Structures are given as C-alpha cells and as structure tokens.
There are 2 protein chains.
Amino acid sequence: MKNTIHVERAIRRITQADLASAVGVSRQTINALEAAKYVPSVVLAMKIANYFEKPVEAIFELGEED
Amino acid sequence: MKNTIHVERAIRRITQADLASAVGVSRQTINALEAAKYVPSVVLAMKIANYFEKPVEAIFELGEED
DNA sequence: CTTAAATGTAAAGTTTGTTTTACATTTGAA
DNA sequence: TTCAAATGTAAAACAAACTTTACATTTAAG
C-alpha cells in the first residue's frame, strides 16, 4: 500500500495538522500514513480522497504486499 | 458507510465464500461487511472494487456517521 | 543566528477489523 | 420433500488502526 498524500499536500501547501483536522484524525495518523506505517480504513481513505477531490485510486495504490 | 457488495455479487452470481477467497478474507468478513457491521481497510475495499472492476466509490459510500 | 512552525518518531493504551470455530436458518435444485 | 449449498449470527481471540502524550529534529522566515 502506497499513497501520494504528501504530494497532494505539497501541491496545496497544506500541513499534516491541517489535513488531520480536516479529515478528523490526529496529526500522527497522517504522519504515519505518509510514512506508510499502516493501512487506513476506507472511511479515512475516502475522506482524504474527497478532501483532495480525487478518486481513492488516485491516492492509494495496492502494492505487492497487499 | 454503506456498500453494494451484495448487489455486485448478485449480478455476477457469486457466493460470499467465492468473493472471500478471491480477495483473501474469511467468508464471515464478507458477510459482516454486507451487513455493514464494520468498515473495511482500504486494501480490502480496493481488492473488492478491483474484483468487481469498479472504482471504490462505486461500491463504498460514506454515510452521515462517518 | 534565532525562533516558531512543521515534521519525525516512539511507547502505551483503546478501539475496531478480521479470523476461527461452531451452529442455526434459509434457499434452491433434484 | 429432502438434501446440500448458501447465508446469518455469535463469541473468543488476535491483529491492526488510531489516539494521546511527549520529545527530538528539521525547515523556513525574520
């Protein structure tokens, strides 16, 4: 599971804390997600995708591991 | 969180057990998902969406609760 | 250079996803 | 109607998501 959250964030010049509060999770959750430390729930994934106005697949990609 | 798994399954005339083994989870997991008893991980959601050849958003929908 | 904001990281704890086992009920085909 | 397959459900156990607190490091602006 890979994701491009930090890229999307960079484009919009948004902070981890900003995104976190926008989607209702802690900043560490966003930080850990960007570090690919774990796999989020679909709900969180969809909230993030919605926030960036992109489909889930544009931000999250299945890897070999999955 | 709503989903249309059982509809997609009906269309393809596929059993819960079939889908379960196709995406690598237990049959109870699929059953519980259809009953909306919990929210899956993005990985599982994407595997299910891929299996049905549809985007995640076509199968999973955020509700008020989320 | 200095300072504040942003980020990385880590441990402990809570909650929630997922598996396993097991059994009861429904459905469909013969 | 009978039997097998499919589905519903439930409890215990385990794994993984997510929070909280707390601190160290990096980055950017003044």
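Order of the sequence lines fixes the chain letters, A, B, ..., with proteins taken first and strands second; residue numbering starts at 1 for each chain. Predicted model, so just to flag it, every value in this text is computed and none were measured.
Mapping B/Ala32 and B/Ser41 onto DNA chain D by nearest heavy atom places B/Ala32 closer to the 5' end of the strand. Comparing A/Gly24 and B/Glu34 by the nucleotide of DNA chain D whose heavy atom lies nearest to each, the residue mapping closer to the 5' end is B/Glu34.
The structure places CD1 of B/Ile48 at 7.5 Å from CD1 of B/Ile59, a figure rounded to the nearest 0.5 Å. Rounded to the nearest 0.5 angstrom, A/Leu62 CG and B/Met46 CE are separated by 4.5 Å.
Proximity of a side-chain donor or acceptor of B/Ser41 to a complementary backbone N or O of B/Leu44 within less than 3.5 Å is detected. A donor-acceptor pair is defined here as one N or O able to donate and one able to accept, closer than 3.5 Å; such a pair exists between the side chain of A/Asp66 and the backbone of A/Met1. In this structure a side-chain-to-backbone donor-acceptor pair under 3.5 Å is missing from B/Glu57 to A/Pro55. Under the 3.5 Å distance criterion, the side-chain polar atoms of A/Asn50 are left unmatched by any main-chain donor or acceptor of A/Lys47. When atom types are taken as modelled, the side chain of B/Ser26 and the backbone of B/Thr29 share a donor-acceptor pair closer than 3.5 angstrom.
At a threshold of 4.0 Å, the pair B/Glu53-B/Arg12 counts as salt-bridged, since one of the basic side-chain nitrogens sits closer than that to a carboxylate oxygen.
Counting to the nearest Å, the C1' atom of C/dT25 and the CG atom of B/Asn31 are 12 Å from each other. Rounded to whole angstrom, the span from the CZ atom of A/Arg27 across to the C1' atom of C/dA5 amounts to 10 Å. C/dA6 atom P lies 15 Å from atom CD1 of A/Ile30, rounded to whole Å. If you take CG of B/Leu44 and C1' of C/dG17, they are 10 Å apart, rounded to a whole angstrom.
B/Ile5 and B/Ile14 fall within a single hydrophobic cluster, where Ile, Leu, Val, Met, Phe, Trp and Tyr side chains are chained together by heavy-atom contacts under 4.5 Å. Tracing side-chain contacts under 4.5 Å through hydrophobic residues (I, L, V, M, F, W, Y), one reaches A/Tyr38 starting from A/Phe60; they form part of the same cluster.
If you check residues 1-18 of chain B against DNA chain C, you find no residue with a heavy atom closer than 4.0 Å.
Taking a heavy-atom distance under 4.0 Å as the criterion, the stretch of DNA chain D touched by chain A extends 5' to 3' from D/dA17 to D/dA22.
Among A/Gln16, A/Lys37, A/His6, the one residue that satisfies the side chain to side chain donor-acceptor pair (under 3.5 Å) test with A/Asn31 is A/Gln16.
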Anything under 3.5 Å between a protein N or O and an N or O of nucleotides 11-15 of chain C, put it in a table, one pair a line.
none

